[in-house]
Amino acid sequence: MSSLRHIAIIMDGNGRWGLKKRNNRNFGHKKGVEVVEKIIEHCIKKNIRFLTLFTFSTENWKRPKKEINYLFSLLENFLKKKISQIHKQEVCIKFIGEKKNLKKTLLSSINYSEKLTKNNKKIQVNIAFNYGSKNEILNTANILKKKKLRFTEKNFENNLFTKNIPNPEILIRTGNTKRLSNFMLWQLAYTEIFFEKKMWPDFNTNDFNKIINKYHKITRKFGNIDGK
Ligand code: IPE
Ligand code: IPE
Ligand code: MG
């Protein structure tokens, strides 16, 4: 069985789901948060050490202001309401992405959640928020230049938002769309990718288990001719 430490998810399809059910995209975002909670609990049970969730991309700023505000308040309220429970579950929360240009109250909830949970060891949940992979790679190049470090793979890895986090073995994208949308382009170089037809609010632990079972049947070769 291949090792499995890190699962990354592009949680796509909330808007379409909400439109279909209630003629309201934001209804889908609200439902999506419930699925996030279930999936985190399930990963704890399955002993997955790292879970990364794409919640807002640097390109999502192009959306109508009303939807952006809703998404931001959803995150802020989630952190405010759930952080003590998350802490009790020994979950470590880490944000990856730009912390610039965020509302003060949201930023302080983010910083508080990270600080409170930083020593928790059950699972690390990385929330990719205001995250874009090209932005991350360019930032990293600038950091290396400033630190006068050479452009090596190791130096890049040690200065990405994901420093100290192993690359994901599995990427799941729900929402019946087959693209990466500027998500973890460096870290996904050798990741097994699973595109799921279901919209994120319909995704469940059974779908999740099916993907993990499929993953364990794959021979990962990393350029070699066999899996050794
Ligand atoms: C993903 O769902 C969540 C975010 C991007 C915040 P979408 O909002 O992209 O849903 P669809 O793809 O429009 O259905
Ligand atoms: C990717 O989904 C971003 C998140 C899930 C947060 P999008 O819905 O924004 O991606 P595109 O625009 O369809 O590529
Ligand atoms: Mg989408």
Side-chain angles (χ1 to χ4, degrees), residues 6-40 43 50-79 82 93-103 106-107 109-110 113 124-139 160-162 165 168 170-188 191-204 207-208 211:
H6 185 177
I7 297 181
I9 310 182
I10 302 176
M11 308 181 293
D12 196 24
N14 289 348
R16 277 164 287 164
W17 189 93
L19 277 179
K20 204 171 149 202
K21 299 274 170 181
R22 290 267 172 98
N23 201 23
N24 179 351
R25 292 181 51 85
N26 288 345
F27 180 60
H29 294 312
K30 191 167 158 226
K31 274 284 163 194
V33 177
E34 292 172 21
V35 179
V36 166
E37 289 182 69
K38 285 194 194 117
I39 293 296
I40 293 176
C43 284
F50 298 90
L51 173 69
T52 300
L53 302 170
F54 202 8
T55 58
F56 192 84
S57 76
T58 46
E59 288 70 31
N60 288 148
W61 288 102
K62 292 176 193 160
R63 295 188 178 200
K65 204 149 180 35
K66 214 175 130 211
E67 181 164 336
I68 296 174
N69 286 340
Y70 186 80
L71 286 166
F72 286 16
S73 65
L74 209 56
L75 175 64
E76 194 175 329
N77 290 334
F78 175 78
L79 292 175
K82 303 283 169 147
I93 296 283
K94 183 183 162 66
F95 278 82
I96 61 171
E98 277 300 342
K99 286 184 176 173
K100 281 182 229 154
N101 302 326
L102 300 180
K103 212 173 85 186
L106 174 59
L107 187 62
S109 299
I110 289 174
S113 310
Q124 179 171 321
V125 178
N126 306 308
I127 302 183
F129 181 74
N130 199 13
Y131 174 89
S133 190
K134 289 186 181 177
N135 162 274
E136 177 185 33
I137 291 168
L138 288 174
N139 272 350
L160 290 164
F161 287 128
T162 51
I165 301 170
I170 292 179
L171 170 75
I172 302 170
R173 180 176 188 141
T174 59
N176 200 20
T177 301
K178 294 181 179 167
R179 55 176 170 257
L180 295 178
S181 304
N182 199 16
F183 186 54
M184 297 183 103
L185 303 179
W186 176 288
Q187 296 87 341
L188 297 177
T191 299
E192 307 300 333
I193 301 181
F194 296 85
F195 293 109
E196 167 69 48
K197 286 204 171 76
K198 280 190 183 179
M199 303 296 124
W200 177 251
D202 283 331
F203 188 73
N204 60 40
D207 303 317
F208 190 83
I211 289 172

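Atoms within each ligand, like the ligands themselves, are counted from 1 in listed order. Computed from heavy atoms alone, side chains included, the values below leave out hydrogens, waters and symmetry copies.
Contacts of ligand 2 (protein heavy-atom distance under 4.0 Å) are I10, M11, D12, F54, T55, F56, N60, R63, R173, R179, S181.
Atoms of the protein (N, O or S only) found under 2.8 Å from the Mg ion (ligand 3) are D12 OD1.
Minimum interatomic distance between V35 and F203 (heavy atoms only, all atoms of both residues): CG1-O, 3.4 Å. Nearest approach of K134 to N182, heavy atoms of both residues: N-OD1, 2.9 Å. Between K66 and N26, the shortest heavy-atom contact is O-ND2, 4.4 Å.
For the atom pair I40 CD1 and K38 NZ, the distance stands at 12.5 Å (nearest 0.5 Å).
Side-chain contact check for E98 and N139: at least one donor-acceptor pair (N or O, by modelled atom type) lies under 3.5 Å.
Judged by distance alone, the side chain of T55 and the main-chain N or O of I127 form no donor-acceptor pair under 3.5 Å. Remark: side-chain polar atoms of E136 are paired, donor with acceptor, to backbone N or O of F161 under 3.5 angstrom.
Using a non-hydrogen distance threshold of 4.0 Å, M199 does not register as a contact of ligand 1.
Looking at heavy atoms from C-beta onward, F129 lies in side-chain contact with I110 at the 4.5 angstrom threshold. A heavy-atom distance below 4.5 Å is not found between the side chains of L53 and N126.
Separation of the Y70 and F27 ring centroids does not fall under the 6.0 Å cut-off.
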